[in-house]
Each structure stands twice: as structure tokens, then as C-alpha cells.
Protein chains: 2
Amino acid sequence: MAATLKDVAERAGVSRSAVSRTFTDGASVSDKMRRKVEKAADELGYQPNFLARSLTTRRTKLIGLVSDNFTNPFFLHVFDLFTSELQKRGLRPLLVNISGQHDPVDTAQMLRQYSVDGVIVASSTVEKGFVDAFRKVRLPEVYTLSRHSCSPDVNIVGIDNEAAGAFAAEVLIGRGYKRIGFMGGPEIATSTMDRFVGFSRVMSRHPELEFTHSFAEAYSFDAGRDEMLRLLKDPPAEAYFGADDVISIGALSAMHSHGLKVPDDVGLMGLNDLEMAGWANINLTTIRQPVRQIVDSSVELIATALEESEEDHVPQARLFPAKLVERGTLRPPHTG
Amino acid sequence: MAATLKDVAERAGVSRSAVSRTFTDGASVSDKMRRKVEKAADELGYQPNFLARSLTTRRTKLIGLVSDNFTNPFFLHVFDLFTSELQKRGLRPLLVNISGQHDPVDTAQMLRQYSVDGVIVASSTVEKGFVDAFRKVRLPEVYTLSRHSCSPDVNIVGIDNEAAGAFAAEVLIGRGYKRIGFMGGPEIATSTMDRFVGFSRVMSRHPELEFTHSFAEAYSFDAGRDEMLRLLKDPPAEAYFGADDVISIGALSAMHSHGLKVPDDVGLMGLNDLEMAGWANINLTTIRQPVRQIVDSSVELIATALEESEEDHVPQARLFPAKLVERGTLRPPHTG
DNA sequence: ATCTTATTTGCAACCGGTTGCAAAGCACAT
DNA sequence: ATGTGCTTTGCAACCGGTTGCAAATAAGAT
């Protein structure tokens with residue numbers, strides 16, 4: 001069907017190795033030979049087969065991109081950045097969707113069977129079972145947007161969620177709010193829990209302030225809205241930190257339908273800086289993760305891990321600062 | 001490193017073919033042999049290498065999943081469905097992001113070099129260059145959510161955008177609106193233009209109605225909002241069809257900030273039924289594409305194309321009906 | 001022209017599997 | 001014991017490449 005190395009060699013009247021060498025950079029071929037081979041290859045439309053090559057080179061340039069987060073629009077952006085960045089380096093993402101009930105061991109074995117060079121896990125809610133299973137196949141791997149503390153001997157890139165939670169509390173306190181609420185995602189999400197820990201730590205240093213907390217059922221608009229509707233049966237806090245934008249936007253909708261003015265009656269801050277947080281009818285003050293840097297750094301980390309031998313590689317955590325994006329749902333800094 | 005066929009054969013004291021056969025379904029192996037081999041394989045943690053196997057079987061089970069649509073949240077759902085559905089059939093999506101300036105020929109060659117079994121193009125805005133380049137590598141391919149008319153000799157799955165445009169016009173007319181506006185995405189998007197053609201066709205049958213049209217700069221919230229703000233400098237139409245939800249939601253925000261009540265002052269209808277179209281503070285009446293069926297059908301089509309020889313395969317178009325999702329941005333059907 | 005050294009080339013083995021074919025093994029009938 | 005037909009097994013070639021090594025060629029030094 002498609003032309004092979006052998007076809008090219010025959011047509012050019014040279015050995016197969018010669019052809020192979022013209023298509024391998026750094027190999028020793030004379031100019032004359034190279035021209036002869038390239039001519040034959042062009043005429044036949046020959047392209048080397050990456051998979052056959054991988055058998056001897058032990059490099060497929062395939063990277064498993066594993067996620068279970070296919071509902072939060074934030075992750076479309078994450079996938080966009082990951083795919084472009086990997087492609088720039090000649091790496092190819094094999095996308096693996098582990099939402100639904102997938103067996104961790106099967107998934108890990110599948111990745112090994114496809115000889116992926118490395119694995120990127122992009123999710124903050126990946127189960128422990130996957131972490132263990134992936135580790136067993138001994139592939140270079142990096143966890144992105146994942147929990148900092150859970151696997152100390154593995155590459156992690158993201159923000160420090162505890163620090164981000166603490167920062168959120170400091171911002172709200174800095175605006176002079178006295179009755180402050182934390183509204184998280186589901187309690188099984190490590191991202192939410194880490195943010196909660198940081199948030200609580202700061203609040204506990206201010207016993208003069210009133211601190212309440214609650215958790216939405218899921219990382220979704222509806223869950224955020226429902227939870228806020230529940231909270232609004234009682235007099236609300238003066239300001240809330242919603243541990244994710246999509247939840248905060250749900251909460252905002254609940255506030256509006258209760259006739260509450262934001263930020264005049266109640267303040268609200270999110271986290272993630274979704275594109276729609278900037279929409280004119282939402283205009284959510286939020287904390288931004290530097291996604292581009294996080295992704296770039298993850299890809300760079302996996303790319304260098306591919307070069308090193310397994311023993312040489314020392315896993316690292318790369319934590320980035322999150323920063324406030326001021327919009328219209330918090331009152332301005334307290335002056336005086 | 002990892003155990004190979006040869007390792008297992010030696011440990012079990014049998015030939016390599018015997019091992020190969022135990023891991024190939026439908027091959028002839030006695031029970032005794034199978035047990036012996038499986039024991040050895042277990043002890044060594046052996047798993048067959050898919051890529052080596054593909055060399056002789058000529059099947060990688062890799063499917064190129066090509067898209068340039070990484071900003072519309074609608075596509076996160078599309079990717080979710082595609083990956084799960086492919087995985088269910090043991091197929092693996094190699095995700096290719098062709099947004100940005102990618103050379104069509106390079107992309108097509110890359111897919112050939114990775115020996116993908118087939119290609120799914122999931123986008124309504126793919127350039128002609130890609131269609132041509134993909135065709136040249138002679139891989140089974142299906143275009144999903146793509147233009148119906150552009151390539152008659154290629155598999156296409158999606159809705160009939162012209163019909164959907166016509167349907168939209170009929171709905172608005174049926175609600176008794178007399179001054180009707182079409183608001184499209186960018187004029188280079190085939191989806192928008194096809195919808196516009198259908199919409200116009202119906203409107204032209206009603207010369208007694210006033211019909212205006214305009215196009216937003218992009219498929220984005222901001223573009224929709226900007227375009228609507230521009231329109232609102234003059235007295236607006238009674239109702240608009242925004243050819244995509246994200247544009248419509250932008251337009252909705254513009255209407256609100258002009259103090260217009262929807263649907264009392266002006267009606268609005270979108271297309272796609274994004275999750276957020278159902279959010280309480282948006283509540284957009286819209287036209288839904290049956291995404292799940294479209295994706296399932298695409299995967300089924302590519303799966304059967306893989307079985308057939310190239311000559312036997314006859315390309316087909318599978319068009320699904322789109323249907324109205326009634327929410328709160330259109331007045332109820334006109335009675336009397 | 002001759003010797004030394006560096007560069008280019010081809011041979012053949014290998015990467016990790018599959019598969020057509022013929023030999024071997026088996027069950028059963030004669 | 002012999003023959004028949006069916007299943008199981010191993011041999012060896014192949015899939016499409018790469019690569020260590022030695023032979024062949026080219027380049028440079030004398």
C-alpha cells in the first residue's frame with residue numbers, strides 16, 4: 001500500500017540502512033546519497049512509519065493525556081493549551097477519558113501497551129487508585145492542577161490550593177467584611193478541601209469575625225445555585241468565597257433571583273477566572289490560576305523527564321501563585 | 001525492561017507463536033498450552049505490545065480526533081462523548097488541535113505516520129485545505145458537525161444546518177413576530193452561512209414581514225454582545241435568531257444592559273443548547289442538536305468503515321433533526 | 001604513489017510481535 | 001498395528017523500521 005523503506009531503497013538502488021539514515025537526524029550520510037534517496041522518496045511519497053521506528057528507538061512521542069473533567073468549561077481551555085503545547089514539541093496526546101467507572105489498572109496497562117512515553121494527568125479529582133496504578137507502570141508522569149500533598153514522590157504542577165484559600169480569606173477580610181462564608185464544591189474534591197483548609201486557617205486568626213461554611217453537591221452551576229438558595233433561607237453572610245467559578249456563578253444567579261444586589265447587599269468571589277466570569281452580565285471578581293504557565297511548565301517537565309533515565313529523575317512540585325482579578329462582585333478595598 | 005513475548009515463551013518452555021496465539025482471540029491453542037502460557041505471562045506481568053502487533057495486523061485502533069474548536073464550551077461535551085464512545089469500542093483517540101496555523105499536509109502525513117486507522121474531524125469550520133489533504137492519505141474518515149454540502153464523497157454526520165435555519169424562521173413566524181432579525185456568527189463559518197440560507201429562504205416566502213440580518217465577528221460572547229449593542233442603536237427587531245448559543249447569550253446581555261425585557265420587549269432564540277442556556281439567569285429558548293446521537297453515529301460509521309475495504313465503502317451523509325427547546329426568551333405560540 | 005585516518009556504506013541482527021505452512025500429535029475406526 | 005481426519009504446535013519468514021560492526025571509499029599527509 002504505502003511505500004516502505006524497502007521500496008525506496010530499491011528505487012534508489014541503495015541499501016535500506018542508507019534510506020533509514022537519511023530520515024534520521026544526526027546520522028552519517030553523504031550529500032550525494034541524501035539527494036538520491038530523497039528523490040526516490042519523493043517520487044514514492046514515502047514517509048517513515050513512526051510506530052515501526054518506535055520498536056527500536058523506544059520512543060513513540062505519544063503522551064497519555066488523562067482526565068475525568070469533561071464538564072467544567074475551564075478544562076476545554078486546559079486541553080487546548082495542552083494539545084498545542086505538546087504538538088509544538090512534536091509530542092502527540094492520546095486522550096484518555098476516565099470519567100465513568102474505569103478500572104485504574106486497565107487504563108494504566110492500556111497506556112503501557114500503546115508504549116506512551118509519558119502521562120499527564122490533568123484533573124484535581126483523580127482517585128487514589130489511578131495514582132497507584134500509574135505509578136506501577138513506571139512511566140514518566142506529571143499531575144497537573146492536582147493535589148499538592150497527596151503524592152510527594154511524583155511531579156506536580158499547579159497552584160497551591162491551601163495558599164489560594166488563605167489568600168481568598170485575606171482579600172475578603174481586607175475589604176472589611178465581618179460575616180464571611182466559604183462555599184466549596186463537593187467534599188470529596190481535594191481542590192475544595194485544600195482551599196477550605198487555607199481559608200479556615202486565616203479565619204481562625206480572626207475570632208472577632210463570623211465564619212460559616214458549606215459545600216455544594218458538585219462543581220456545577222446548578223449545585224452552586226441550589227446551595228445558595230438554601231443558604232438564603234437564613235440571613236446571608238456579607239460576602240462569600242465560592243471555591244470555583246461555576247459554583248459562584250450559580251450562587252450569583254440565586255442571589256439575583258432573591259433580589260439581592262451584588263456587591264451592595266452581598267459580596268462574592270470565585271476561583272478559576274473562566275472566560276464567562278468576565279461576561280458583562282456576570283462580571284465576577286475571582287482568583288485566577290495561571291493556566292498557561294501551569295500547562296507549559298507541565299509539558300516542559302514531562303519533556304525533560306523523557307530525556308532522563310528513570311533513576312536520574314527527581315520528581316518535583318512546581319507551584320504557581322494565583323492572583324486576584326478584580327471585577328464587580330466585591331466592594332472596593334476598605335479605606336479607613 | 002518490560003517482559004516480551006520471547007521472555008514468556010522461554011519461561012513457559014514453548015514457542016513464541018504459542019504465546020502469540022494465546023493472546024490473539026480466535027487462534028487455535030489447547031487448554032493445557034493456554035494455562036501454561038498464562039501462568040508464565042502472569043508471573044512476568046506480560047502484556048502484548050499493541051504497536052508491534054499493529055505492524056503485522058495493520059490495525060492500531062488509533063483514531064485521529066481532529067478539531068479546531070477549543071473555545072466553544074459545546075465542544076467539551078463533544079470531546080467527552082467522542083472519547084467515551086471510542087473507548088467503549090476499544091478505539092483510542094489521538095487528539096489533534098488544528099487551531100492556529102497548521103499545515104494541512106503535515107497534519108495528514110503525521111496521522112499516516114502514526115498509522116491511525118481512521119480520522120474523525122469534529123468541527124464546523126475546518127478549511128478546505130484539510131479536507132483535501134486528509135483525502136489524499138486515503139484513510140477512513142468522518143466529518144462530524146460539519147458542512148453537509150461541501151464534500152459529497154465523504155462521510156458526514158450532523159444536523160442539516162439549512163433545515164435548522166429554516167426551522168428557526170418558522171418558529172419565530174409562528175410566534176407572530178413581524179420584524180425578525182438573523183444574527184449569525186462570522187461569515188466564513190459554513191455553519192452560520194448554511195443556517196442563514198435556510199432562514200432566508202423561509203423569510204422570502206413572507207414578504208409581508210420585515211427581515212434584517214447581521215453577523216457577529218466570532219463565535220463568542222463578546223462578539224454577540226458587541227453586535228447586539230450595535231444593533232440596539234436603532235430600534236431593534238421584535239425577535240432575533242442568534243445562530244449559536246454563545247452569541248445569543250452575549251446578545252442577551254446587551255439587551256439586559258439596555259433595559260430591554262426578554263421576551264416582553266424582544267424575543268431571542270439560540271442554537272446548540274449549551275448547558276448554560278438552561279441556567280436560571282439565562283434561560284434561553286434554543287434549538288438543540290442531538291449531540292449524543294450524532295457522536296454515536298459518527299463512531300459507529302467509522303467503526304464499520306474500518307471493517308470494509310476502501311473500495312467497498314460507500315460514503316454517506318447522516319443528518320439528524322434538530323429540535324426546539326422551549327425556555328423563557330420567546331413569547332408563547334401565537335393563538336388567534 | 002603510499003600510508004594513515006576519517007567518513008560513508010552495506011550486511012545482518014534486532015525491536016516485539018503475527019501467520020502460512022508443514023510436521024507432529026491425537027482420537028477413533030478398521 | 002494401520003490408516004484417516006482433525007487439532008495443535010513450531011519453524012521461519014515477515015511487518016517496517018534501526019544500528020553495531022566491518023568493509024569500502026574518500027580525504028589528507030608525506
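Computation of the quantities below employed the complete heavy-atom set of this structure, encompassing side-chain atoms and omitting hydrogens, waters and symmetry-equivalent molecules. All chains are named by letter (A, B, ...) in the order of the sequence lines, taking the proteins before the strands, and each is independently numbered beginning at 1.
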Taking only side-chain nitrogens and oxygens of B:Arg21, does any of them come within less than 4.0 Å of OP1 or OP2 of D:dG10? no

B:Glu38 and salt bridge (charged side-chain N to carboxylate O under 4.0 Å, His left out): which partner among B:Arg34, B:Arg35, B:Lys36? B:Arg34

First encountered from the 5' end of DNA chain D, between A:Leu51 and B:Asp31: B:Asp31

If you check the B:Thr24 side chain, which of C:dC21, C:dT18, C:dA12 turns out closest? C:dT18

Classify the nucleic acid contact of A:Ser20 as base, sugar-phosphate or nothing, counting any heavy atom under 4.0 Å across all strands shown. base

Indicate, with a heavy-atom threshold strictly under 4.0 Å, whether B:Ser17 touches base, sugar-phosphate, or nothing. base

Among D:dG17, D:dG10, C:dT9, which nucleotide has an atom closest to any side-chain atom of A:Ser30? C:dT9

Value in whole Å for how far the P atom of C:dT18 lies from CG of B:Asp25: 11 Å

Identify which nucleotide among C:dT18, C:dG10, D:dT9 has an atom closest to any side-chain atom of B:Thr57, counting heavy atoms from C-beta outward. C:dT18

Between D:dC15 (C1') and B:Leu5 (CG): distance, integer Å: 14 Å

Hey, is the side chain of B:Arg58 poking within less than 4.0 Å of OP1 or OP2 on D:dG16, counting only N and O atoms? yes

Hydrogens and angles aside, do A:Arg89 and A:Gln87 bring a side-chain donor and acceptor to less than 3.5 Å of each other? no

Atom-to-atom span, CG of B:Leu44 to C1' of C:dG16 - whole angstrom: 15 Å

Spacing of A:Asn49 atom CG relative to D:dT18 atom C1', expressed in whole Å: 13 Å

Side-chain H-bond candidate by donor/acceptor type, B:Asp80 with A:Thr71, under 3.5 Å: no

Reckon A:Ser28 touches a base, only the sugar-phosphate, or nothing at all at heavy-atom distances under 4.0 Å? base

Nearest-nucleotide wise, let me know which of B:Leu55 and B:Lys32 is further upstream toward the 5' end of DNA chain C. B:Leu55

With a non-hydrogen cut-off below 4.0 angstrom, is A:Val19 in contact with a base, only sugar-phosphate, or nothing? nothing

How long is the line joining CD of B:Gln113 and P of D:dG17, in whole Å? 9 Å

Gap between atoms NZ and P, on B:Lys6 and C:dT18 respectively (whole Å): 16 Å

Establish, with yes or no, whether the OP1 or OP2 oxygen of D:dC15 is under 4.0 angstrom from a side-chain nitrogen or oxygen of B:Thr56. no

Any B:Tyr46 side-chain nitrogen or oxygen under 4.0 Å from OP1 or OP2 of C:dG17: yes

Once rounded to the nearest 0.5 Å, what's the spacing between atom CG of B:Leu81 and atom CD of B:Gln293? 10.0 Å

Mind running side chain to side chain donor-acceptor pair (under 3.5 Å) on B:Asp68 and B:Thr125 for me, showing each step along the way? CA-CA 8 Å; B:Asp68 63 350; B:Thr125 55; 3.1 Å; yes

Test item: side-chain donor near acceptor, B:His313 and B:Asn155, under 3.5 Å: yes

Between P on C:dG17 and OH on A:Tyr114, what's the gap in Å once rounded to a whole number? 14 Å

Report which part of the nucleic acid B:Gln47 touches: base, sugar-phosphate, or nothing (heavy-atom distance under 4.0 Å, all strands). sugar-phosphate

Send over the distance from A:Phe50 CZ to D:dG16 P, rounded to a whole Å. 16 Å

Output the single nucleotide from C:dT18, D:dC15, D:dG17 whose closest atom is nearest the side chain of A:Arg16. D:dG17

